[in-house]
*Asks:* 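Mind having a look at this structure? Questions to follow.
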Amino acid sequence: MRAITLTEHGAPDVLAVSDIPAPQARPGSVVVDVHTAGVNRADLLQRQGHYNPPAGANTEHEVPGLEVAGTIAQVGEGVSGWSVGDRVAALLTEGGYAEQVEVPAGQLLAVPDHLPLEQAAALPEVLCTVHSNVFTGAGLRPGEWLLVHGGGSGIGTAAIQMAKAHGAKVAVTVGSDRKGDFCRELGADAVINYREEDFVERIREITGTDGQHGDGADVILDVVGAKYLDRNLKALALDGRLTIIGLQGGTKAEANLGRMLPRRLTVMATTLRARPADQKAQIVQDVAGSVWRQAMDGEIRAIVDSEFPLEDAAAAHQRMEDGENIGKILLRVAADS
């Protein structure tokens with residue numbers, strides 16, 4: 001089968017189409033014929049050599065890709081509730097940039113006939129990431145303020161919609177007016193241009209009343225990491241929760257415990273890819289029983305920036321590196337839906 005493999009780490013042009021053996025469904029798993037694969041920031045980090053596949057990944061052929069949509073081609077022993085031909089989306093550990101991928105059955109989501117597979121492919125990673133971090137981990141409640149860094153990203157556009165559907169208020173940081181306008185159209189209550197404004201001061205102004213500074217954000221969803229740690233702590237309200245899901249701004253920083261203790265602040269840091277299969281399955285099932293239904297009904301939309309053919313994976317990575325995308329970038333693997 002055709003797949004995008006990594007034989008070395010480096011710039012986008014190290015991504016190349018290879019011919020590798022097709023997977024076989026082992027007990028507890030299925031094989032999916034991939035129609036569309038999602039492109040994620042983690043894929044870029046893996047290509048650059050900064051995000052190695054977790055234990056148990058394919059060591060012979062390193063194939064990026066953390067989410068796909070397609071149809072089931074094989075069903076392994078012990079799998080129930082799924083059949084050949086079912087339309088599915090899937091959360092993966094690896095392997096999505098290929099014509100077929102093996103998936104543990106617990107990481108599948110059913111896709112109804114009315115939803116195009118390319119839209120379904122844009123959903124598993126963002127919905128699972130936001131749900132597990134913002135709602136399960138940080139416990140965002142209706143009426144609270146959520147601050148999302150990178151509001152125009154795939155994660156950001158999903159977080160805006162999910163938080164608003166939950167009854168929360170949302171502020172986002174963006175790097176351009178174009179992205180800010182789009183976030184407002186999606187439902188963001190406030191937009192902060194991080195190139196022109198101090199997000200700490202702005203979130204306190206935004207959450208204030210009667211011209212007074214407010215306490216800050218109740219929950220912050222952060223993809224930057226070390227560079228923003230101290231400022232994020234300053235931007236949190238009393239009992240605020242910071243959940244870090246990315247390290248675009250570095251890995252090491254000092255935290256002022258003297259600020260955290262009296263304000264009862266919580267800092268969490270998680271990755272989805274490295275979680276064991278049983279935890280991933282639980283997250284997928286939590287999503288299936290809640291926000292997935294909203295996505296299938298159109299209440300939460302898949303925001304697709306652009307699609308590239310599988311063989312143009314390098315161009316897809318370059319678009320994400322350039323920071324121009326609003327929403328998800330996809331790789332089209334199959335010609336039909």
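Count residues from 1 along the sequence.
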*Asks:* For Leu92 and Gly65, which heavy atoms make the closest approach, and how far apart are they?
*Replies:*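 Closest approach of Leu92 to Gly65: CD1-O, 3.6 Å.
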*Asks:* For a quick test of reading the model, state the closest non-hydrogen atom pair linking Val31 to Ala25 and the distance between them.
*Replies:*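 Between these two residues, the closest heavy atoms are CG2-N, 3.5 Å.
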*Asks:* Please answer whether the main-chain N or O of Pro104 pairs with a side-chain N or O of Ser29 as donor and acceptor at a distance below 3.5 Å.
*Replies:*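 No, the answer is negative, given that no donor and acceptor are paired below the 3.5 Å cut-off.
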*Asks:* Are Val224 and Leu229 packed together at the side-chain level, in the sense that at least one heavy-atom pair is separated by less than 4.5 angstrom?
*Replies:*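 With C-beta onward as the side chain, the pair stays apart.
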*Asks:* I want to check something: taking the side chain as every heavy atom from C-beta on, are Val284 and Cys128 in contact at a cut-off of under 4.5 Å?
*Replies:*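 Val284 reaches Cys128 side chain to side chain.
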*Asks:* Measure from the side-chain N and O atoms of Arg241 to the backbone N and O of Gly139, and report whether any donor-acceptor pair falls under 3.5 Å.
*Replies:*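 Between the backbone of Gly139 and the side chain of Arg241 there is a qualifying donor-acceptor contact (under 3.5 Å).
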*Asks:* Mind checking whether Phe199 and Tyr228 have parallel, tilted or perpendicular rings, split at 30° and 60°?
*Replies:*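 Because their plane-to-plane angle lies in the 30° to 60° range, the rings of Phe199 and Tyr228 count as tilted.
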*Asks:* Side-chain contact, heavy-atom cut-off 4.5 Å: Thr243 with Asp222?
*Replies:*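 They are not in contact (no side-chain heavy atoms under 4.5 Å apart), so the answer is no.
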*Asks:* Check step by step if side chain to side chain contact (heavy atoms under 4.5 Å, CB included) holds for Cys183 and Ile160.
*Replies:* CA-CA 8 Å; Cys183 290; Ile160 292 168; 3.8 Å; yes
*Asks:* Tell me whether Asp322 is salt-bridged to Arg319, with the criterion being a basic N under 4.0 Å from an acidic carboxylate O.
*Replies:*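 Looking at Asp322 and Arg319, the cut-off is not met.
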*Asks:* Ring of Phe308, cation from Arg332 - is the NZ or CZ under 6.0 Å from the centre and inside 45° of the axis?
*Replies:*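 Arg332 over Phe308 ring: no.
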*Asks:* Is the closest side-chain donor-acceptor distance between Lys179 and Ser153 under 3.5 Å?
*Replies:*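 There is no such pair (donor and acceptor under 3.5 Å, judged by atom type) between the side chains of Lys179 and Ser153.
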*Asks:* Does a donor on one side chain and an acceptor on the other come within less than 3.5 Å for His9 and Arg47?
*Replies:*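 Side chains of His9 and Arg47: no pair found under 3.5 Å.
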*Asks:* Under 3.5 Å, is there a donor-acceptor pair between the side chain of Gln285 and the main chain of Gly106?
*Replies:*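 Side chain of Gln285 to backbone of Gly106: a pair is present.
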*Asks:* Please name the pair of heavy atoms, one in Leu146 and one in Ala159, separated by the smallest distance, quoted to 0.1 Å.
*Replies:*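 Minimum heavy-atom contact is CD2-O, 4.3 Å.
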*Asks:* Donor-acceptor pair, distance only, cut-off 3.5 Å: does the side chain of Asp218 make one with the backbone of Trp145?
*Replies:*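 Yes: the side chain of Asp218 pairs with the backbone of Trp145.
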*Asks:* Compare every heavy atom of Leu330 with every heavy atom of Glu118, then report the nearest pair and how far apart it is.
*Replies:*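 Glu118 and Leu330 have their closest heavy atoms at O-CD1, 3.1 Å.
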*Asks:* Is there a donor in the side chain of Asp278 and an acceptor in the side chain of Gln282, or the other way round, less than 3.5 Å apart?
*Replies:*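 Short answer, no.
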*Asks:* Do the side chains of Gln318 and Pro12 get nearer than 4.5 Å, heavy atoms only?
*Replies:*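 They are in side-chain contact.
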*Asks:* Are side-chain heavy atoms of His131 and Ile283 found at a separation under 4.5 Å?
*Replies:*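 The answer is no, as the side chains (C-beta and beyond) never meet within the 4.5 Å cut-off.
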*Asks:* Can you check whether Gly327's main-chain N or O pairs, donor with acceptor, with Asp305's side chain at less than 3.5 Å?
*Replies:*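 Absent.
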*Asks:* May I have the step-by-step check of salt bridge (Lys or Arg N to Asp or Glu O under 4.0 Å) for Lys169 and Glu144, ending in yes or no?
*Replies:* CA-CA 6 Å; Lys169 294 170 284 190; Glu144 289 190 319; over 6 Å; no
*Asks:* Do you know which two heavy atoms are closest between Asp239 and Leu265, and how far apart they sit?
*Replies:*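 Answer, listing the atom of Asp239 first, then Leu265: N-CD2, 4.4 Å.
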*Asks:* Could you see if Val148 belongs to whatever hydrophobic cluster contains Tyr194? Use Ile, Leu, Val, Met, Phe, Trp, Tyr and a side-chain cutoff under 4.5 Å.
*Replies:*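 Looking at the clustering, Tyr194 is in the same group as Val148.
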*Asks:* Do the side-chain N and O atoms of Gln46 and Glu94 include a donor-acceptor pair separated by under 3.5 angstrom?
*Replies:*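 Note: Gln46 and Glu94 side chains miss the donor-acceptor criterion.
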*Asks:* Do side-chain atoms of Asn133 reach the backbone of Val130 as a donor and acceptor pair under 3.5 angstrom?
*Replies:*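 Judged by distance alone, no pair lies under 3.5 Å.
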*Asks:* Contact between Leu272 and Leu91 at the side-chain level, heavy atoms closer than 4.5 Å - yes or no?
*Replies:*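 In short, these two side chains touch, coming nearer than 4.5 Å.
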*Asks:* Out of curiosity, does Val304 fall in the hydrophobic cluster containing Leu66 (side-chain heavy atoms, cut-off under 4.5 Å, transitive links)?
*Replies:*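 Per the 4.5 Å side-chain linkage, Leu66 and Val304 are not co-clustered.
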*Asks:* Under the 3.5 angstrom rule, does the side chain of Lys227 hit a backbone N or O of Gly250 as a donor-acceptor pair?
*Replies:*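 No; zero donor-acceptor contacts below 3.5 Å.
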*Asks:* For Glu324 and Arg178, what are the C-alpha separation, side-chain angles and deciding distance, and is it a salt bridge (Lys or Arg N to Asp or Glu O under 4.0 Å)?
*Replies:* CA-CA 10 Å; Glu324 293 300 317; Arg178 180 176 70 94; 3.7 Å; yes
*Asks:* If Ile, Leu, Val, Met, Phe, Trp and Tyr residues are connected whenever their side-chain heavy atoms lie under 4.5 Å apart, and connections chain through other members, are Leu45 and Val39 in the same group?
*Replies:*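 Cluster IDs for Leu45 and Val39 differ.
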*Asks:* Salt bridge between Arg41 and Glu321, side-chain N to carboxylate O under 4.0 Å?
*Replies:*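 Judged by the 4.0 Å cut-off on N to carboxylate O distance, Arg41 and Glu321 do not form a salt bridge.
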*Asks:* Give me the atom names and distance for the closest heavy-atom approach of Ala69 to Ala121.
*Replies:*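 Of all heavy-atom pairs spanning Ala69 and Ala121, the closest is CB-N, 3.6 Å.
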*Asks:* Taking atom types as modelled and ignoring hydrogens, do the side chains of His149 and Thr173 form a donor-acceptor contact shorter than 3.5 angstrom?
*Replies:*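 Short answer, yes.
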*Asks:* Could you tell me whether Arg263 atom CZ has more than 12 heavy atoms of other residues or ligands within 6.0 Å of it?
*Replies:*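 Buried by this count: over 12 neighbours within 6.0 Å.
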*Asks:* Is there a path of hydrophobic side-chain contacts, each under 4.5 Å between heavy atoms, that joins Val170 and Val134?
*Replies:*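 Hydrophobic grouping puts Val170 with Val134.
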*Asks:* Between Asn325 and Ser306, do the side chains contain a donor N or O and an acceptor N or O under 3.5 Å apart?
*Replies:*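 Note: Ser306 and Asn325 side chains miss the donor-acceptor criterion.
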*Asks:* If Ile, Leu, Val, Met, Phe, Trp and Tyr residues are connected whenever their side-chain heavy atoms lie under 4.5 Å apart, and connections chain through other members, are Leu117 and Ile300 in the same group?
*Replies:*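 Per the 4.5 Å side-chain linkage, Leu117 and Ile300 are co-clustered.
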*Asks:* Tell me, do Leu186 and Lys164 make a side-chain contact under 4.5 Å, heavy atoms counted?
*Replies:*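 Leu186 does not reach Lys164 side chain to side chain.
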*Asks:* Has His61 got a side-chain atom pairing as donor or acceptor with Ser18's backbone, closer than 3.5 angstrom?
*Replies:*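 Pair absent, no side-chain N/O of His61 close to backbone of Ser18.
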*Asks:* Does either side chain, that of Asp43 or that of Tyr97, offer a donor lying less than 3.5 Å from an acceptor on the other one?
*Replies:*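 Yes, a side-chain donor-acceptor pair sits under 3.5 Å.
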*Asks:* So do the side chains of Gln119 and Thr36 get within less than 4.5 Å of each other, counting heavy atoms only?
*Replies:*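 Contact flag for Gln119/Thr36 side chains = no.
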*Asks:* Quick one: do Arg264 and Leu238 satisfy side chain to side chain contact (heavy atoms under 4.5 Å, CB included)? Show the steps, please.
*Replies:* CA-CA 6 Å; Arg264 300 187 298 276; Leu238 194 68; 3.3 Å; yes
*Asks:* Tell me, which pairs form a side chain to side chain donor-acceptor pair (under 3.5 Å) where one or both residues lie in residues 66-80, sequence neighbours left out?
*Replies:*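 Found Asn40-Glu67, Glu67-Lys328.
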*Asks:* Looking at Gln161 and Thr157, would you say the former's side chain and the latter's main chain have a donor-acceptor pair under 3.5 Å?
*Replies:*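 Yes, Gln161 side chain to Thr157 backbone: donor-acceptor pair under 3.5 Å.
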*Asks:* Can you tell whether the side chains of Arg259 and Asp230 come within less than 4.0 Å, N to carboxylate O?
*Replies:*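 Yes, Arg259 and Asp230 are salt-bridged.
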